[in-house]
There are 2 protein chains.
Amino acid sequence: MSRTRNRNFPWWHQQFVDNGYRITEPRQAILKVLNKTAGHLSVEDIYHQVHKRYSNIGLTTVYRTVGLLENMGIVRKLDFGDGRARYELSKGPQAIHHHHLICKNCGKVIDYKEYLDNELKFVNKVEGLLEKKYNFKIDSHQLSFYGLCEKCK
Amino acid sequence: MSRTRNRNFPWWHQQFVDNGYRITEPRQAILKVLNKTAGHLSVEDIYHQVHKRYSNIGLTTVYRTVGLLENMGIVRKLDFGDGRARYELSKGPQAIHHHHLICKNCGKVIDYKEYLDNELKFVNKVEGLLEKKYNFKIDSHQLSFYGLCEKCK
DNA sequence: TTGCTTATTGAAAATGATTCCCATTTCCAA
DNA sequence: TTGGAAATGGGAATCATTTTCAATAAGCAA
Ligand SMILES: [Mn+2]
Ligand SMILES: [Mn+2]
Ligand SMILES: [Zn+2]
Ligand SMILES: [Zn+2]
């Protein structure tokens, strides 16, 4: 057995290194929560989860980390109109491309993955068009449908 | 000339009446601003505009009215990540169905209207599917593309 | 028109999410 | 191992939005 350190780094490790960001305990803990917990987590949600194991990690750090992850494209910031930002993974093995169906009355949110192929075709066309016409470099999109859920309609 | 009152009500008038909402000066002033001013207005933007003519109308009223209009489907609430809500007409002669292209760096927002027919076809399909599968009543959608603008890329 | 009922309003205070500050700690390249 | 920059955490500060409540004014009935 060599004393070689475990090279089985998490999927996001290299991206941190490439950006010159340090791999700290708070960051690892937060990423772990994001990987393990499904759904649309608020900063407080994450904070509470993280707090179970690391009661020393501060709320401010969660805010900062989540912001960092957003800039890195690892996480996506969502606004469902409940007054607080929510986050979900946009990279990594857990992340599945999807969009949202939102109830305007009770705020229920459904992740849906239907029509991915059609969407891909459609979205690619629009992206190409927009990139050319407006000289943008597009790297993501978001599609949301709004209405009333089963219970609320 | 008859003394008959002008029946040339603004397009949103009937919707107010139908809902039992009163047609007040603040509400008229705010609607007028929304109709006249293009773009994505923050509550403060609206407040400042309105204030030019009606310096007595309060900020709170703008918040309330804009919320009312959102519930009525007259206005759409947008989040471009700058920490304040923004609004645009979603009904009336000024409203043109469109989506947004957003620069993640400088926050520039472009309204685009391309590919409307393709989109309509695609969106209708998805809507139908989602309504059936999740038993929702869908009444609107939002599509946004994110990237870097000409200057920022 | 006049009065009445009650929705609406405005000012000020409260709230609450997010950011800022800064002294202290931690990562990690050399 | 160590110096220095990056990161942290806790409390204060911000600032958009909401709440409160007394005053006002739409709109309906008479
Ligand atoms: Mn989701
Ligand atoms: Mn727009
Ligand atoms: Zn609902
Ligand atoms: Zn830009």
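The chains referred to below are lettered A, B, ... by the order of the sequence lines, with proteins before strands, and numbering in each begins at 1.
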Mind calculating the distance between [atom1] ([X]) and [atom2] ([N]) to the nearest angstrom?
X: B:Gln28; N: D:dG27; atom1: CD; atom2: P; value: 9 Å
X: A:Ile23; N: C:dT26; atom1: CD1; atom2: C1'; value: 14 Å
X: A:Ile30; N: D:dA7; atom1: CD1; atom2: P; value: 13 Å
X: A:Arg64; N: C:dT25; atom1: CZ; atom2: C1'; value: 12 Å
X: B:His13; N: D:dA26; atom1: NE2; atom2: C1'; value: 12 Å
X: A:Tyr21; N: D:dA7; atom1: OH; atom2: C1'; value: 13 Å
X: A:Ile46; N: C:dT18; atom1: CD1; atom2: C1'; value: 14 Å
X: B:Asn19; N: D:dG27; atom1: CG; atom2: C1'; value: 16 Å

TODO: Look at the rings of A:Tyr21 and A:Phe16 and say which category their plane angle falls in: under 30° parallel, 30 to 60° tilted, over 60° perpendicular.
DONE: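 Plane angle over 60°, so perpendicular.
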- [ ] Please work out whether the ring planes of B:Phe9 and B:His13 are parallel, tilted or perpendicular, with thresholds of 30° and 60°.
- [x]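 B:Phe9 and B:His13: parallel rings.
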[X]-[Y] side chain donor-acceptor pair, cut-off 3.5 Å:
X: B:His99; Y: B:Glu119; answer: yes
X: B:Asp111; Y: B:His40; answer: yes
X: B:Asp18; Y: B:Gln14; answer: yes
X: A:Lys153; Y: A:Asn105; answer: no

Open item on the list: Return whichever of A:Leu59 or B:Leu59 has its heavy-atom-nearest nucleotide of DNA chain D closer to the 5' end.
Closed with: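 Upstream on the strand: A:Leu59.
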Task: Comparing A:Val62 and B:Gly83 on DNA chain D - which has the more 5′ nearest nucleotide - done: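 It is A:Val62 whose nearest nucleotide is closer to the 5' end.
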So does [X] get a side-chain nitrogen or oxygen closer than 4.0 Å to the phosphate oxygens (OP1/OP2) of [N]?
X: A:Arg84; N: C:dA17; answer: yes
X: A:Tyr63; N: C:dT18; answer: yes
X: B:Thr60; N: C:dG10; answer: no

TODO: Between B:Gly20 and B:Tyr47, just flag the one whose closest nucleotide in DNA chain C comes earlier from the 5' side.
DONE: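 Between the two, 5'-proximity favours B:Gly20.
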Task: Paired and unpaired positions of DNA chain C as dot-bracket, Watson-Crick or G-U wobble under 3.5 Å, | denoting a partner strand - done: ||||||||||||||||||||||||||||||
TODO: Check every atom of C:dT19, D:dT18, D:dA5 against the side chain of A:Arg22 and return the nucleotide holding the closest atom.
DONE: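 Shortest atom-to-atom distance from the side chain points to D:dA5.
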Open item on the list: Heavy atoms only, 4.0 Å cut-off, all strands: where does B:Arg27 land among base, sugar-phosphate and nothing?
Closed with: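 It contacts sugar-phosphate atoms only.
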Open item on the list: Under 4.0 Å, counting only non-hydrogen atoms across every strand here, what does A:Thr24 touch: a base, just sugar-phosphate, or nothing?
Closed with: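 Result for A:Thr24 = sugar-phosphate.
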Open item on the list: Starting from B:Tyr112, can I reach A:Phe122 by hopping between I/L/V/M/F/W/Y residues whose side chains sit under 4.5 Å apart?
Closed with: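 Both belong to a single hydrophobic cluster.
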